[in-house]
Amino acid sequence: MSTPHAPQPERRYSYLGPRGTFTEAALAQVPEAVGQEWHSVNNVGEALADVAAGRSDAAMIAIENSIEGGVSVAQDALATIPGLRVVGEYLVPVSFVLVARRGTTLDQVRRINAHPVAYAQCHRWLDAAIPAHGHVPASSNVAAAAELFDSALADAAIAPPGVVGLYDVDVLAEGIADSDTAVTRFVLVAPTSRPVPPRTGADKTSIVAELSVDRAGALLGLLEQFSTRGVNMSLLESRPIGDALGRYRFVIDLDGHVTDERVADALLGVRRFSPGVTFLGSYPRADRVPTVVEERYTDAVFVEARDWLRELLSGAPVD
Ligand SMILES: O=C(O)C(=O)C[C@]1(C(=O)O)C=C[C@@H](O)C=C1
């Protein structure tokens, strides 16, 4: 009699681990990832390199936090590693506790292990409760707690509340984040060989654009491409290109899908003058809130205007 075998995973997903991170919670929101192989990595660059090299089918990465802003390491990696495409967006509410090896008391804490994005979200509490603390950077929120047992470099760690079920720690303080409504935005990144997800009417488009800095009004010119087509921006961040002082690229999220006439037309406008524009992807918004489009920017109005021009050029009588 043959032994029944469990189905083998067909796809591999890289995420910032170890188990219990907010990144893992974001990956758990992806229906197609359930039952597949989840590969824990130590940093965002490693997750994206897995996808670029074909070792993983997709990677989940944090891209923006409601308090700390853009996750610069993720924005820079997406802007510079070729062959990557954002195919989904996910939101995870984040909150933090301060944990320590059993028996440690709050007044003994001097050095705190924390992921830099988590540390930045707990400033006010830390400055008030442990004013003279030092920060020991960790690769993730859960790694911060795990490392308490690998080395004596830190006395306590900032971690997600769920860490108490994973490690033998005492909770020294709960709810230590500066906001109790903090949210981190994650994106699922696949290779460019994967088709752009179809338009849903509640989509975002992410691009990275460079500008010639020796021209007055260059940034205004970039923004006008969107405003004159009724395209709303939900994110605009500047990141240094890194080759010289004063050279920046702009990371931009737009409301709409690349197949929306107004978005496509705006991208053509950007392409005409930006020395480098990268399309990172169009994907359904995590909140599923449909984009409201003013009548004069609907697809039908763009199509009508194009037909009008075509007729005009064909010499046929026009109204
Ligand atoms: O996924 C985790 O738990 C992480 O440690 C990463 C990360 C991030 O990169 O922003 C995720 C969410 C929190 O805002 C802080 C840290």
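Indexing begins at 1, ligand by ligand and atom by atom, following the structure's order.
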Exercise for the section: Measure from the side-chain N and O atoms of T21 to the backbone N and O of L16, and report whether any donor-acceptor pair falls under 3.5 Å. Expected result: yes
Handout entry: Ring centroid separation F96 to H115 under 6.0 Å
Key = no
Fill in the blank from the handout: Short version for L16: what comes under 4.0 Å of ligand 1, heavy atoms counted, is side chain
Handout entry: D255 and its salt bridge (charged side-chain N to carboxylate O under 4.0 Å, His left out) partner, picked from K204, R285, R229
Key = R285
Completion exercise
Among P116, A62, G20, the residue with a heavy atom nearest to atom 8 (C) of ligand 1 is A62
Problem - Residues clustering with V164 (ILVMFWY side chains joined when closer than 4.5 Å, directly or via others) - result: V97, V99, V142, L148, F149, V163, L166, Y167, V169, V171
Practice task
Check whether the side chains of T192 and R85 place a donor and an acceptor atom closer than 3.5 Å, and report yes or no.
Solution key: no
Exercise for the section: Report the nearest protein non-hydrogen atom to atom 10 (O) of ligand 1: residue, atom name, distance rounded to 0.1 Å. Expected result: V117 CG1, 3.3 Å
Handout entry: Residue pair D253 / S206, side-chain donor-acceptor N/O under 3.5 Å
Key = yes
Practice task
Within a distance under 4.0 Å of any heavy atom of S140, pick out the atoms of ligand 1 and give their elements.
Solution key: 5 (O)
Exercise for the section: Note the single closest protein heavy atom to atom 14 (O) of ligand 1, along with its residue, its atom name and the distance in Å. Expected result: T184 OG1, 2.7 Å
Handout entry: Per-atom contacts of ligand 1 with N65, taking only distances under 4.0 Å to non-hydrogen atoms
Key = 14 (O)
Completion exercise
Closest to atom 15 (C) of ligand 1 (heavy atoms only, candidates I63, N141, I67) is N141
Practice task
Could you tell me which atoms of ligand 1, counted from 1 in the order shown, lie closer than 4.0 angstrom to a heavy atom of T23?
Solution key: 1 (O), 2 (C)
Practice task
Could you tell me if any non-hydrogen atom of Q121 lies under 4.0 Å from any atom of ligand 1?
Solution key: yes
Completion exercise
The salt bridge (Lys or Arg N to Asp or Glu O under 4.0 Å) partners of D203 (sequence neighbours excluded) come to none
